[in-house]
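Data first, discussion second: the structure below is written as C-alpha cells.
No experiment lies behind these values; they were computed from the predicted model shown. Chain identifiers are assigned alphabetically (A, B, ...) following the order of the sequence lines, protein sequences preceding nucleic acid strands; residue numbering begins at 1 within each chain.
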There are 2 protein chains.
Amino acid sequence: MFIELDLQSETPIYAQLIDQLIEGIASGELKPGDPLPSVRRLAEDLGINLHTVNKSYNLLKQEGFLQVHRKKGVIVQPDGMPGVTEAFEEKLRQQLRSLAAAAAVRGMSEEAFTQESRSVYRNAITNRGGEQR
Amino acid sequence: MFIELDLQSETPIYAQLIDQLIEGIASGELKPGDPLPSVRRLAEDLGINLHTVNKSYNLLKQEGFLQVHRKKGVIVQPDGMPGVTEAFEEKLRQQLRSLAAAAAVRGMSEEAFTQESRSVYRNAITNRGGEQR
C-alpha cells in the first residue's frame, strides 16, 4: 500500500497515518487479516519516528481496526470492523460542521456540498476489489 | 457570540477558534461588518494566550474572512467573503475523504453519509436571521 505523508501539513503525522490506513481499509486495498509492516519497518520506509508509527498502530488497535496476531504481527481486524459508535457520530458531525460552515461562507450551495460528500464517499470505496491506487 | 473551546481536543486551539468564528459567520450570528472583540479581550474571556487569538485572527484576515477597520478594529469582512478556491476544494476533499473512509469502514452507507452531510450543512446555516445558538 502506498502511504504518502505531508510533513508540512498541520495534521500530525500519526493522524495522517491513521487516516491513510483507514482509507486503505475502506478502499479494499487492505483486507481483513492482511498483515501490516512492523512498526520498525514502516517507520524506516516512511522516514518517520518509531513512536509515531507506534502511536498510530496503538490507537487503531484500541479502536478495533487492527489486531495483534501471534504469528503475523499486526494485522487488519479479521473479526469485523467497529461500527458507528456515538463517539464516532459526534466526531463526524463536528468535523462536517466545520467543513460545511466554511463551504457555506464561501458560497458553496447545500447541493454542491452534499454532492461532493457523496462523490468522495464513492471514491473512497471505489477500489474495493483490489485495484491499486 | 458563544465560543466553546475544548482544551483536551487534538485540534489546536487556534484552529478551533477559526472554526467557530467561521461557523458564526455561516450561521449569521456574525454578520459582515460586525466588530470582533480585541485580541486581548477575547484572550482574556476565553482564558487562552494572546498569541493564539492573534494567530487565528491573522489567518482569517489573510484568507479574507476578517478585515481591520480604522475605527472599529477587527471586523467581519464587509466586502464579500472569499469564494471557493482550488486550495479550499482540495482541503475539503481531503478532509471529507478521511471522514468518508472512516464512515464506510464502520458500515455507514453512502446514503447515510450523504444525508448527514446535508443535514449538517442545513444546521450550519440555520440561524441565519440572527437567532442565538
If you measure only the distance, is there a donor-acceptor pair under 3.5 Å linking the side chains of B:Glu10 and A:Tyr14? yes
Most contact-rich option vs chain B, by heavy-atom pairs under 4.5 angstrom, among A:Met108, A:Lys91, A:Met81, is A:Met108
Under a 4.5 Å heavy-atom cutoff, which of B:Ala15, B:Ser109, B:Gly64 has the most pairs with chain A?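 Heavy-atom pairs under 4.5 Å are most numerous for B:Ser109.
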Winner by heavy-atom pair count (cut-off under 4.5 Å) against chain A, out of B:Gly107, B:Ala112, B:Gly80, B:Gly83: B:Gly83
With only heavy atoms counted, which part of B:Ala103 is less than 4.5 Å from chain A, the side chain, the backbone, both or neither? both
Please determine whether a side-chain nitrogen of the Lys or Arg among A:Glu44 and A:Arg40 lies less than 4.0 Å from a carboxylate oxygen of the Asp or Glu. no
Salt bridge check: are B:Glu63 and A:Arg106 linked by an N-O gap of less than 4.0 Å? yes
For A:His69, does the NE2 atom sit with more than 12 other heavy atoms under 6.0 Å from it, leaving out its own atoms?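 Yes.
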